[in-house]
Amino acid sequence: MSKIIVTTKDELMSIVNESFRSQREEIKKELKIILNPPKSNNTVKEVAQKLNVTELTVRNYISKGFIKADKIGRRIVISSDELAKSLKEVKSLKYRR
């Protein structure tokens, strides 16, 4: 790296801007994720679509205690974290003898 390059001020600025452009875009993407986190609560309909089952099946899982849900007014809300835990528990029970 003993190479000397002679450039003008404008050329140097363009080189620096190009090198930092990709890093800026990456930081912008990470900030968007931090400032707009993914939705943490789901409705029965959304969970049914994710699991590819009917809404009645999801309601039955809730009443049997397989999925933990909260009721806000008349609406049933299922936390994404609780749904993931429930799915892990079902898998572990499936393979246990």
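Residues take their numbers from the sequence shown, with the count starting at 1.
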Peer 1: Sorted by first residue and then second, give each side-chain hydrogen bond (donor to acceptor under 3.5 Å, both in side chains) pair with at least one member in residues 70-83; sequence neighbours left out.
Peer 2: N42-S80
Peer 1: Can you name the residues that form a side chain to side chain contact (heavy atoms under 4.5 Å, CB included) with S19, not counting sequence neighbours?
Peer 2: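 Not a single residue meets the side chain to side chain contact (heavy atoms under 4.5 Å, CB included) criterion with S19.
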Peer 1: Here's a test for you: under side-chain contact (heavy atoms from CB on, under 4.5 Å), which of Q23, K29, K28, E30 qualifies with E26?
Peer 2: E30
Peer 1: Rest of the hydrophobic cluster containing L31 (Ile/Leu/Val/Met/Phe/Trp/Tyr, side-chain heavy atoms under 4.5 Å)?
Peer 2: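 Joined to L31, directly or through intermediates: I27.
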Peer 1: Could you list who else is in I72's hydrophobic cluster, with ILVMFWY side chains joined at under 4.5 Å, directly or through other members?
Peer 2: V77
Peer 1: Please go through L12's hydrophobic cluster and name the other residues, only I, L, V, M, F, W, Y counting, with side-chain heavy atoms under 4.5 Å joining them.
Peer 2: V16, F20
Peer 1: With sequence neighbours excluded, tell me which residues meet side chain to side chain contact (heavy atoms under 4.5 Å, CB included) with R21.
Peer 2: E18, R24
Peer 1: May I have the list of side-chain donor-acceptor pairs in residues 43-50 shorter than 3.5 Å, sequence neighbours left out?
Peer 2:
{"residue": "T43", "atom": "OG1", "partner": "E46", "partner atom": "N", "Å": "3.3"}
{"residue": "E46", "atom": "OE1", "partner": "K39", "partner atom": "NZ", "Å": "3.4"}
{"residue": "E46", "atom": "OE1", "partner": "T43", "partner atom": "N", "Å": "3.0"}
{"residue": "E46", "atom": "OE2", "partner": "K39", "partner atom": "NZ", "Å": "2.9"}

Peer 1: Sequence neighbours left out, cut at 3.5 Å: what donor-acceptor pairs do the side chains of residues 51-68 make with other protein atoms?
Peer 2:
{"residue": "T54", "atom": "OG1", "partner": "T57", "partner atom": "N", "Å": "3.2"}
{"residue": "T54", "atom": "OG1", "partner": "T57", "partner atom": "OG1", "Å": "2.8"}
{"residue": "N60", "atom": "ND2", "partner": "L56", "partner atom": "O", "Å": "3.4"}
{"residue": "S63", "atom": "OG", "partner": "R59", "partner atom": "O", "Å": "3.4"}
{"residue": "S63", "atom": "OG", "partner": "N60", "partner atom": "O", "Å": "2.9"}

Peer 1: Can you list the residues that meet the side chain to side chain contact (heavy atoms under 4.5 Å, CB included) rule with S40, with sequence neighbours excluded?
Peer 2: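 Expected list: none.
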